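See below for the structure under consideration.
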Amino acid sequence: MSQAVFNHSNKALFNEVGPKQDSTFEILYFGLFGLSATFLDMLAISGVEFTTVRPENWPSEKAKTPFGCLPILREMTSDGKVLEICESEAIERYLGQKFGLMGDDLYEHTFFYFRYVTPKDPIPKAEAREKFANETLPHWVAMHEKHLRANGSNGHYLNNKLTMADLKTSLIVRIAQSMTGDDIVSESKTPAVWKVNTEVEKIPNLQKWKQTEQYRALAEKNKMILGF
């Protein structure tokens with residue numbers, strides 16, 4: 001079994017593994033959604049086989065990871081190759097490209113980053129939650145309502161197709177609802193943003209994932225640690 005980590009000598013192996021659609025995946029993280037929430041949804045929607053694992057002894061394992069942080073995605077191909085990617089944003093971009101959630105061409109890929117801005121801290125720490133709810137979130141909602149209305153308020157940012165932007169907004173809607181109820185984000189107050197979450201929640205593979213024991217365990221730990 002050959003394993004690739006990010007360095008120039010493994011460029012060819014990365015480019016070989018990247019397009020494969022028969023891989024299975026393992027996510028090394030701390031037993032909650034946290035920074036892995038969006039790309040877990042991406043994996044679920046794609047219909048691939050994946051599992052989440054926790055480090056057995058993080059202090060001793062930390063130095064062995066590329067940057068001393070989690071999450072880490074491991075992709076195992078059917079012919080025994082293993083690809084390892086760390087950092088949540090890098091994982092999201094990789095899976096977005098792999099599963100067609102970043103647009104179909106250079107324009108659409110650029111459009112995603114030009115139009116889509118995530119709150120600076122989408123998972124605010126307890127001491128920053130008041131500022132997030134009173135300042136960051138209302139500004140973000142107003143900006144995204146405008147862009148979504150420009151696309152026809154159809155539940156998508158890019159034409160009528162599902163992209164990673166939709167998944168990120170759905171996550172923020174769920175966080176906003178858990179923190180502020182209907183005070184800031186609701187069907188009546190923010191219909192375009194709300195529509196995005198409604199469309200994402202309809203995806204059959206995502207619904208199936210949310211019925212699993214794995215999902216429920218992560219959700220319970222997320223609620224306990226992060227409060228939502």
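Please read all numbers here as calculations on a predicted model, not as lab measurements.
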Please give me the minimum heavy-atom distance between [X] and [Y], naming the atom from each residue.
| X | Y | result |
| --- | --- | --- |
| C86 | A90 | O-CB, 3.5 Å |
| M179 | F132 | CE-CD2, 3.7 Å |
| P71 | L35 | CD-CB, 4.2 Å |
| L218 | L32 | CD2-N, 3.6 Å |

**Asked** Salt bridge between K195 and E199, side-chain N to carboxylate O under 4.0 Å?
**Response**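 Salt bridge flag = yes for E199 with K195.
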Does any part of the side chain of [Y], heavy atoms only, come nearer than 4.5 Å to the side chain of [X], both counted from C-beta?
| X | Y | value |
| --- | --- | --- |
| K81 | E16 | yes |
| E201 | Q207 | no |
| L13 | V17 | yes |
| I72 | P66 | yes |
| V196 | L148 | yes |
| L28 | P55 | yes |
| T212 | R216 | no |
| T77 | T24 | no |

**Request:** Return the orientation label for the F33 and Y215 ring planes: parallel under 30°, perpendicular over 60°, tilted otherwise.
**Result:** tilted
Test your reading of the model: is there a side-chain donor-acceptor pair from [X] to the backbone of [Y], 3.5 Å cut-off?
| X | Y | value |
| --- | --- | --- |
| E145 | V193 | yes |
| E26 | V53 | no |
| Y29 | L73 | no |
| S170 | D166 | no |
| K189 | D183 | yes |
| R74 | L83 | no |
| N222 | F228 | yes |
| N151 | H156 | yes |
| N154 | N159 | yes |
| E61 | N57 | yes |

**Message:** When you compare the side chains of S178 and R174, does any donor N or O come within less than 3.5 Å of an acceptor on the partner?
**Reply:** no
**Message:** Checking Q177 against D182: is there a side-chain donor and acceptor pair closer than 3.5 Å?
**Reply:** yes
Can you confirm whether [X] is buried at [atom1], in the sense that more than 12 heavy atoms of other residues, nucleotides or ligands lie under 6.0 Å from that atom?
| X | atom1 | value |
| --- | --- | --- |
| Q21 | CD | yes |
| Q214 | CD | yes |
| K62 | NZ | no |

For the atom pair [atom1] ([X]) and [atom2] ([Y]), what is the distance rounded to the nearest 0.5 Å?
| X | Y | atom1 | atom2 | answer |
| --- | --- | --- | --- | --- |
| M164 | L101 | CE | CG | 8.0 Å |
| M102 | Y94 | CE | OH | 13.5 Å |
| H109 | R93 | NE2 | CZ | 6.5 Å |

Under 3.5 Å, which donor-acceptor pairs link side chains of residues 44-51 to any protein atom two or more places apart or in another chain?
residue : atom : partner : partner atom : Å
S46     : OG   : L43     : O            : 2.7
S46     : OG   : V48     : N            : 3.4

**Prompt:** Which ring-ring contact (aromatic ring centres under 6.0 Å, His included) pairs, counting each pair once, include a residue from residues 53-93, with sequence neighbours left out?
**Reply:**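 Sorted result for residues 53-93: F30-W58.
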**Prompt:** Hey, quick one: are M224 and L40 part of the same hydrophobic cluster, counting side-chain heavy atoms closer than 4.5 Å, chains of contacts allowed?
**Reply:** yes
**Message:** Please list all pairs meeting salt bridge (charged side-chain N to carboxylate O under 4.0 Å, His left out) that have one or both residues in residues 94-104, counting only residues at least two apart or in different chains.
**Reply:** E75-K98, D104-K161
**Request:** Before giving the answer on side-chain contact (heavy atoms from CB on, under 4.5 Å), spell out for L70 and I27 the whole-Å C-alpha distance, their side-chain angles and the decisive distance to 0.1 Å.
**Result:** CA-CA 9 Å; L70 299 179; I27 300 91; over 6 Å; no
